[in-house]
2 protein chains.
Amino acid sequence: MSSSLSSQITRMLLDMLEKEGTTEIRRNDLAQSLGCVPSQINYVISSRFTPEHGYIVESRRGGGGYVKITRVSLDSPTAIMHAVNSAGTSIDPLAARSCILNLLSRGVIDKSGARLMLSAVDDSALRPLPTEQRDAVRASILKQMLLAYGKDDK
Amino acid sequence: MSSSLSSQITRMLLDMLEKEGTTEIRRNDLAQSLGCVPSQINYVISSRFTPEHGYIVESRRGGGGYVKITRVSLDSPTAIMHAVNSAGTSIDPLAARSCILNLLSRGVIDKSGARLMLSAVDDSALRPLPTEQRDAVRASILKQMLLAYGKDDK
DNA sequence: GTTTTTGACTTTCTCTGACTATAATGTGTT
DNA sequence: AACACATTATAGTCAGAGAAAGTCAAAAAC
């Protein structure tokens, strides 16, 4: 179908991820081999390999730099993804709490993971923030942690 | 992996430290054997073997000089408290990261706990926030999580 | 109107070399 | 032997060049 540059890059990365579940690239090399500017790679990654899509991206600048993409492999994919989605862009303390407790009771996350998540999304951890900003940050942190937890399973 | 000179040196030193928990080198010899300039060793040490990372470095100039790296280890509660204190009221992403990694490498926290903490204090989790507010919130969240982990006494 | 593509600019990390600092050793003088 | 001084052998510091990757906004394509 769409043979846009972005789709090409996407397919390429997907392909690499197929085998290992993780892939490490040199941004500049990849761009060069595709005849595009390096920042195009960033665009593709930030539009299609986000945590919401189930990927974690790490990178390093400078000499010997790299970009590493890891697919979050989930044991209880639906549960976690559902939680991530339902967190949306904003979640209040109570909802966050019950979301975590719910996952715990269903054995998707363990006790110590739950404890950490609870402490991180607790209102007291977000104390430095004005009330009206807290829910958005809480949602962001919660999602990030849930996806990281997914990556953990082996 | 990244096979930059720095990574090579890092791996080498880590390897030596593995066995003894301490290692003593001749800066010039090591540099020579790697075909690099001696000050490169200093760079690696000052960027990856800092006290923050859990190492102390002693050295001596002049004839018979040396560089000695020792891995320090505190007991868990102390280490956690120390981490909590050093987080202060504001902490940047890099410092938070190395704080967590440090606790991990010393066996104070486990891999999955580290992963969760890392994801929660990552800048991408605090994305909804303006840059100037992130460090304060990060510190708060980190401390909250560390204390929660401590309660867990395992 | 949204998604893609680009390039100028920024930030971070690495590597080097010239210069500085310190310790050990040698050499000559009293 | 004791002292001073020079020489040599290390290690440390710092600034600058180079090597990636990141950001952002405007142009182009859909």
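Sequence lines set the chain letters: A, B, ... in the order given, protein chains first and strands last, and positions in each chain run from 1. Remember, it's a predicted structure, so these values are computed and weren't measured experimentally.
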Measure from the side-chain N and O atoms of Ser140(B) to the backbone N and O of Ala125(A), and report whether any donor-acceptor pair falls under 3.5 Å. yes
Between the base of dG12(D) and the side chain of Ser39(B), is there any donor-acceptor pair under 3.5 Å? no
Ignoring backbone atoms, test whether [X] places a side-chain nitrogen or oxygen under 4.0 Å from the OP1 or OP2 oxygen of [N].
X        : N       : result
Ser6(A)  : dT5(C)  : yes
Ser47(A) : dT3(C)  : no
Asn28(A) : dA21(D) : yes
Tyr43(A) : dT4(C)  : yes
Arg61(A) : dG18(D) : no

Path from Ile80(A) to Tyr55(A) over hydrophobic side-chain contacts below 4.5 Å: no
Using whole Å, report how far [atom1] of [X] lies from [atom2] of [N].
X        : N       : atom1 : atom2 : answer
Gln40(B) : dA18(C) : CD    : C1'   : 16 Å
Glu58(A) : dC13(C) : CD    : C1'   : 17 Å
Lys68(B) : dA11(D) : NZ    : C1'   : 16 Å
Asn42(B) : dA18(C) : CG    : P     : 16 Å
Arg60(A) : dA19(D) : CZ    : C1'   : 13 Å
Glu24(A) : dA21(D) : CD    : P     : 10 Å
Ile69(B) : dG12(D) : CD1   : C1'   : 15 Å
Ile45(B) : dC14(D) : CD1   : C1'   : 17 Å

If you pin Gly65(A) and Arg27(B) to their nearest nucleotides in DNA chain D, which one's is more 5'? Arg27(B)
Are Ser124(B) and Gln144(A) linked by a side-chain donor-acceptor pair shorter than 3.5 Å? yes
Examine the side chains of Arg48(B) and Thr10(B) and answer whether a donor and an acceptor come within less than 3.5 Å of each other. yes
Arg138(B) with Asp123(B): basic N within carboxylate O range, under 4.0 Å: yes
